[in-house]
Amino acid sequence: MTSESKPAHFLQNIIREDLAGGRVSEVVTRFPPEPNGYLHIGHAKSICLNFGLAQEFGGSCNLRFDDTNPAKEEEEYVESIKRDVSWLGFQWAGEAKYTSDYFDQLYDWALHLIKEGKAYVCHLSPEEARAYRGTLTEPGKNSPYRDRSVEENLALFEQMKNGEMKEGECSLRARIDMAAPNINLRDPIIYRIKKMAHHQTGDKWCIYPSYDFAHGQSDAMEGISHSICTLEFEDHRPLYDWFLENLPVPAHPRQYEFARLNLNYTVVSKRKLKQLVDEKHVDGWDDPRMPTLSGMRRRGVPPAAIRNFCEMIGVTRSDSVVDLGMLEYAIRDDLDKNAPRAMCVMDPLKVTLTNYPEGEEENLNAPGHPVREDLPARVLPFTRTLYIEREDFREEANKKYKRLVLGKKVRLRNAYVIHADEVVKDANGEIVELRCSVDRDTLGKDPADGVKPKGVIHWVSAEKNVDCEVRLYDRLFSDPAPDAGDKNFLDFVNPDNLEILSGCKAEIGLANAEPEQSYQFERNGYFCRDSKYGTVEKPVFNRTIGLRDSWAKEQDK
RNA sequence: UGGGGCGUAGCCAAGCGGUAAGGCAGCGGGUUUUGAUCCCGUCAUGCGUAGGUUCGAAUCCUACCGCCCCAGCCA
C-alpha cells in the first residue's frame, strides 16, 4: 500500500478487522449468479468485488450457480457465465459449484427443522397464504396448519418429495413469527413443489428449496467467510441468520450488503434487455450496444477497463447512479495505453500527388504506439494516389481549422507534408479529387522553409488498403434514466445509436486484424474487428469508443 | 401508516470531534507529426434541513425532510 492508494471501503475494513481479530482465518467469497440470463456490467461490479476481495486478502472465491428454480434456469447460461467471468480475468476456486449440489443436505436439514418443530407443511394455497401474511403495516395470521405434529409433517413432506402432491397444493414453511415486522420472518416458504426437470439434477426432485433456505446453508457448506450481496437482501439477513442458528451447520458465515451498480443511459434488467433483443432494437444479447459482458467484449471493451471502472466507482451502501462518462473514461484510459495505432479513412477523398512519380511506391515506417516501444512498428505503403478524410479538407477556412485548406499545407501523419494546389469537382460541384504536391524533404522533419504546418491528418494509400465497413455505435438510449418512474424505456431508444459506413479504407496491415484486438484509428477512436459480421476480404470494424473530441466541443460553441 | 437502509460538488467517493482527500465531468493554460495522450492550474466558507452539546461538529444528540428496498410457492 502506498500513500497515494485508494482508501479502503467498508468491506475491506470489515475483512481486515475480522482477520486481525481472528473471527476468520481465511477469506472465502463467492459469486452466486442464477443461470437465468447473460451477465452484464452490473454483475461485473459484484464479480470484481468478490473475486477482488479474495485476491487482495489471499483467499479464494467460488463460482456458484444459484439454481434453485428449474423453471427459470438453463444450462446455456451456465456456459456463458463461465466464459464471461473468465474473460473478465478471474479464476474461481476448484470446479464451478451449484446450489443443486447441496439438495440432499438441504433436504436433510429441512427434516431437521421439522423434527425440531420449526417447520411445517402448510396447505394454504398461494392466494390464501398471501392473505394470511398480512400487510406491511398489519401483522399476519397463523396458518391453520401451523401446529401439525412432527409425525404428520414428516409424512406430508415425504409425500411432497415423492410427487404425491400437486404443485401449489402445499409447501414447507419455517415456523417463525407471523407477526414479525419483517415480512421475511412471517413463516417463509422453504420448499415448494415444482414438477419439473432440473438442468443439473434431472428428474430426481420435484420439490426445490427456496433461495432463503438454500443460500446461507450453501455458504456454510462452502466455508464462505463473507457472503456479499446487494442491498435488497438486507431484509433477508435475519432469516439467513435464523437458519444458520437453527441448523447443525459447519459454520456461520456473515452476510454483508452493498449497493448495486446503476449506470445512467443504461438499462440492465433482464426483461428489458430481452425485449430489446426480441423486438430487434439490437442484434442479439451480444450486440455491441448491449451492456452485457458479451456485448462489451464484442464491441472491443477490454476486461481491464471494466475492472478499473469498478475500482473507480467504489463500494458503498448508498444507492447511486454512476455517470456513463466514467465507464467511457476507463475504456479510453486502457485503450490509449494498450491499443496499437492504425489509420483508417472513413469518408475517402482522393488525393493525387502530381509531383510523385506514377508507379512509384515506398514503404514508410510508423510506430505501433507513440510511447509503447514494445508494440511492433508498421509499414505504410505511400503512393501517388491517396485517400484523406473528406472533412479534413476545406476550400477556405479560418485559422482555427488546422487541416488541409486549398493553397495551404498539412502534414500527413507519419509521412510527408503536402500542399493543396487544385480542387477537381464533378458536374454537381461535388469535390471528387484533390491535386496536391508533396514535399519529399519533410519525412521526420519540418519543411526547409521552416514553416511548420499546423495540422496533421491521417491518410491511406489509394492503391494498397483494406476496404472495410465501419460501425459507429452511440449510447443505446437518449435519456439518462430511460426506465425511471413509469416511463417506457423503448420510447428513449436513441435513433442514432448505430451508423454503418461502407467503403472505408484502412491501412493494409489491418487485413489481419483479429476480433477483440483493439486498435486506435488515429484521430478517430478505438476499433476492433467484429467477430460476427464481415469477410476475409472485407472486414467489419466496430467502434468501441471515440477519442475525446475537443474540436467538436469548440465547434459547438 | 410497519420494518430495513441511504443522504458530502453536476456524477462517483474519502472523512469516524481539530477546521472538506481523490476520481469523472467542466473551465483555463502548456507540450504534441493524433484537435488524442500527457502536464499545470481552477472547481464545496460547505456536508439533506432546523435546533442542541462542545473552545471546536460533516463527524455526537434531538426533531424534521427527501430517496431506495420489503406484502413471489423469484433470486
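First the proteins, then the strands, lettered A, B, ... as listed; each starts at 1.
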Using a 4.0 Å heavy-atom cut-off, does [X] contact any base of the nucleic acid, only the sugar-phosphate backbone, or nothing at all?
X	value
A:Asp66	sugar-phosphate
A:Ala415	base
A:Gly444	base
A:Arg341	base
A:Lys452	sugar-phosphate
A:Leu124	base
A:Gly168	base
A:Arg133	sugar-phosphate
A:His236	base
A:Phe233	base

Between the base of [N] and the side chain of [X], is there any donor-acceptor pair under 3.5 Å?
X	N	answer
A:Arg411	B:U33	yes
A:Arg130	B:G72	no
A:Arg548	B:U37	no

Please report the distance separating the [atom1] of [N] from the corresponding atom of [M], rounded so that it comes out in whole Å.
N	M	atom1	result
B:A20	B:A14	C1'	10 Å
B:U53	B:U45	P	26 Å
B:C43	B:G23	C1'	14 Å
B:A75	B:U8	P	34 Å
B:C74	B:A13	P	33 Å
B:A44	B:C38	P	24 Å
B:C27	B:G66	C1'	32 Å
B:A63	B:C70	P	27 Å

> Can you give one letter per nucleotide of nucleotides 2-16 of chain B, 5' to 3': B if a protein heavy atom sits under 4.0 Å from the base, S if only from the sugar-phosphate, - if neither?
Replying inline: BBSSS----BSSS--
Distance, rounded to the nearest Å, where [X] contributes [atom1] and [N] contributes [atom2]:
X	N	atom1	atom2	value
A:Asp333	B:C24	CG	P	8 Å
A:Gln520	B:U34	CD	C1'	6 Å
A:Lys194	B:G72	NZ	P	14 Å
A:Tyr519	B:U34	OH	C1'	18 Å
A:Glu232	B:A71	CD	P	11 Å
A:Ile418	B:U33	CD1	P	18 Å
A:Lys72	B:C73	NZ	P	12 Å
A:Trp551	B:U37	CH2	P	17 Å

For [X] and [N], is the shortest distance between a side-chain N/O and OP1 or OP2 below 4.0 Å?
X	N	answer
A:Lys270	B:A75	no
A:Arg173	B:G72	no
A:Tyr211	B:C74	no
A:Lys553	B:G26	yes
A:Arg271	B:C74	no
A:Arg523	B:G35	yes

Base partner of [N], which must satisfy Watson-Crick or wobble distances under 3.5 Å:
N	value
B:A21	none
B:G66	B:C6
B:A13	none
B:U42	B:G26

> Any ion pair linking A:Asp319 and A:Arg260 (charged N to carboxylate O, less than 4.0 Å)?
Replying inline: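 No, A:Arg260 and A:Asp319 are not salt-bridged.
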> Salt bridge or not for A:Glu34 and A:Lys72, using N-O below 4.0 Å?
Replying inline: no
>> Distance check, rounded to the nearest 0.5 Å: A:Met178 atom CE versus A:Ile183 atom CD1?
In response: 9.5 Å
> How long is the span from the CG atom in A:Asn184 to the OH atom in A:Tyr240, to the nearest 0.5 Å?
Replying inline: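 The CG atom of A:Asn184 sits 14.5 Å away from the OH atom of A:Tyr240.
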> Considering residues at least two apart in sequence or located in another chain, which fulfil the salt bridge (charged side-chain N to carboxylate O under 4.0 Å, His left out) criterion with A:Asp66?
Replying inline: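 Per chain and number, A:Asp66 pairs via salt bridge (charged side-chain N to carboxylate O under 4.0 Å, His left out) with no residue.
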>> Cation-pi check for A:Tyr132 against A:Lys141: NZ or CZ below 6.0 Å from the six-membered ring centre and within 45 degrees of the axis, yes or no?
In response: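 Yes, cation above the ring, under 6.0 Å and within 45°.
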>> A cation-pi test, strictly: NZ or CZ of A:Lys161 under 6.0 Å from the centre of the six-membered ring of A:Tyr107 and no more than 45 degrees from its axis. Yes or no?
In response: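 Flagged: A:Lys161 positioned over aromatic ring of A:Tyr107.
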> Does a donor on one side chain and an acceptor on the other come within less than 3.5 Å for A:Ser227 and A:Arg30?
Replying inline: yes
>> For a quick test of reading the model, state the closest non-hydrogen atom pair linking A:Thr68 to A:Thr99 and the distance between them.
In response: CG2-CG2, 3.6 Å
> Sub-3.5 Å donor-acceptor pair from the side chain of A:Tyr519 to the main-chain atoms of A:Leu510, do we have one?
Replying inline: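 The answer is no, because no donor-acceptor pair under 3.5 Å joins these two groups.
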>> Please report whether the ring centroid of A:Tyr145 lies less than 6.0 Å from that of A:Tyr120.
In response: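 Between A:Tyr120 and A:Tyr145, the centre distance exceeds or equals 6.0 Å.
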> In terms of the angle between their ring planes, are A:Trp205 and A:Phe103 parallel, tilted or perpendicular, with boundaries placed at 30° and 60°?
Replying inline: perpendicular
> A:Tyr401 or A:Ser125: which one's nearest nucleotide on RNA chain B is closer to the 5' end?
Replying inline: A:Tyr401
> For RNA chain B, whose closest nucleotide is more 5', that of A:Ser210 or that of A:Arg403?
Replying inline: A:Arg403
> A:Glu34 side chain: which of B:C69, B:G35, B:C74 is closest?
Replying inline: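 It is B:C74.
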> Between B:A75, B:G35, B:U34, which nucleotide has the shortest distance from any of its atoms to the side chain of A:Pro370?
Replying inline: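 Output: B:U34.
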> Syn or anti: how is B:G30 classified when any glycosidic angle within 90° of 0 counts as syn?
Replying inline: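 What B:G30 shows is an anti base, its glycosidic angle lying more than 90° from 0.
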